[in-house]
Protein chains: 2
Amino acid sequence: MYNIKCTVEYDGTCFAGWQIQKNARTVQREIEKAISKMYKTHIKITGSGRTDSGVHALNQVFNYHAMAFIPEASITAGLNSLISDDIVIKNTEYASADFHARKSAISKTYEYIILNTAKPSAFYRNHCWHINDYIYPDALTKILELFEGTHDFSSFCKKRSMVDNPVRTINSTNIRQIGDFLKIEINADGFLHNMVRNIVGTALHVYRKKLNPEIIKNMFIAKDRSAAGPTAPAKGLYLKKVYY
Amino acid sequence: MYNIKCTVEYDGTCFAGWQIQKNARTVQREIEKAISKMYKTHIKITGSGRTDSGVHALNQVFNYHAMAFIPEASITAGLNSLISDDIVIKNTEYASADFHARKSAISKTYEYIILNTAKPSAFYRNHCWHINDYIYPDALTKILELFEGTHDFSSFCKKRSMVDNPVRTINSTNIRQIGDFLKIEINADGFLHNMVRNIVGTALHVYRKKLNPEIIKNMFIAKDRSAAGPTAPAKGLYLKKVYY
């Protein structure tokens, strides 16, 4: 039994997220359809994690098991020819038997993209969050740094999605200003549901309302979603890299 | 009677082009709907020219006449609030009575974007032409320069769209390599139907088939569409600027 690891890019705009659901176009379903067609048998895939409706991926990772051997490059090319063009398989490799796209992951990096211009863009309307008042990256950096480290992220998790252990460790945050774009990167050992969007939404809320950044410490203590700021839109979020 | 000049950006992906047609979503129709709603009377607009289905615009220009006075910034903001987000009004100004978006135009610049990478991109699938074999910009520049000057462009015009006078003057061609993208700019006093797409398609054909670039001179002489190369896809084409 071969264990195959694939890296995939997708534009989340026209998907109801990653995970298979009834009567919905999802990334997992589209990929499973293509793989099952290629191997001529039903094959299920395991993603490194779910992404929500409208969220994009630059390098999502999934694995699957198959009896038949197909060369790596032929899997990549074959799947890309079978799949719709808002999904692109970027790389395929044979992994060790114990590799598991979700359980083997050590950390993940998400990127959140803000378009910081006076007018919105017709071209980036589904691919970033447009904010028209100018954001000073240095000030936002200082706010984001308060999220670094090990915390109980209950206040930054979607209600009703709470898990047994809401403690996660953010290893790094980083903001780059590239032309009209602000790109916020967050690397953590794991993410709760909506965690990046809630952190970005809260950081921007603190910045724009000129609140004392120390308020974030109180948000952590509250362990209640309503204590933190709003959720940033899904369309600005990208799963950038999964580390194993 | 006021004469108003607007500059507009649009993502052509979900439009059947600029010009109003029966039972089709077109840019002109969407804008006229919004303007008519704002002025509470039916208003027609005049574009600098048509763009085909799937073709984008960074700075298309149109004008219209109205009896009521509305400040420029309010027109821009008002239209953007009424219009779908794949159209963005970038600027509005009151023009002299004799300004005509099409007839007053002296020249136009179109940009054609090629994504030159081994793998396609899920994100740019509707916004450039993906070519996976590496293109040397300098070699392509030499081919494109042969299109400069005043020529009969019959061989580069869509069949059945021929006009009385197929002579146009290309003032400049230019290629920039920006990361993985090749951006081809062509400025001319006017363009025949599909002219940019036919020039780009032919230039790439000559380049990739390693033909002698001098063959382009024969294509001009032939005055027959079938003498030239294929038509580049609409999705890579942008109306970049109209000069008055």
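Values in this document were obtained by computation on a predicted structure and should not be read as measured data. Chain A is the first sequence line, chain B the second, and so forth, proteins listed ahead of strands; every chain is numbered from 1.
Distance check, rounded to the nearest 0.5 Å: NE2 of B:H130 to CG of A:D85 gives 11.5 Å.
Under a cut-off of 6.0 angstrom, the local environment of NZ in B:K90 is crowded, with over 12 non-hydrogen atoms contributed by other residues, nucleotides or ligands. Residue A:F191 qualifies as enclosed at atom CZ: its count of foreign heavy atoms under 6.0 Å is above 12. Counting non-hydrogen atoms of other residues, nucleotides and ligands closer than 6.0 Å to NZ of B:K241 gives a total of 12 or fewer. When the shell of 6.0 Å around CZ of B:F69 is examined, it contains more than 12 heavy atoms from other residues, nucleotides or ligands. Atom OH of B:Y244 sits in a crowded spot, with more than 12 heavy atoms from other residues, nucleotides or ligands closer than 6.0 Å. Annotation: B:R50, atom CZ; neighbour count of heavy atoms from other residues, nucleotides and ligands within 6.0 Å does not exceed 12.
Outside the 6.0 Å centre-distance limit, the rings of B:F123 and A:F123 are not counted as a close aromatic pair.
For A:S84, no part lies near chain B; criterion is any non-hydrogen pair under 4.5 Å. With a 4.5 angstrom heavy-atom cutoff, A:A57 touches chain B only via backbone atoms.
In this structure the side chain of B:N80 reaches within 4.5 angstrom of the side chain of A:K119, judged on heavy atoms.
When every heavy atom of A:R125 is checked against every heavy atom of B:C14, the shortest pair comes out as NH2-SG, 4.5 Å. The minimum heavy-atom distance between B:A122 and A:D86, with the atom names listed, is CB-O, 3.4 Å.
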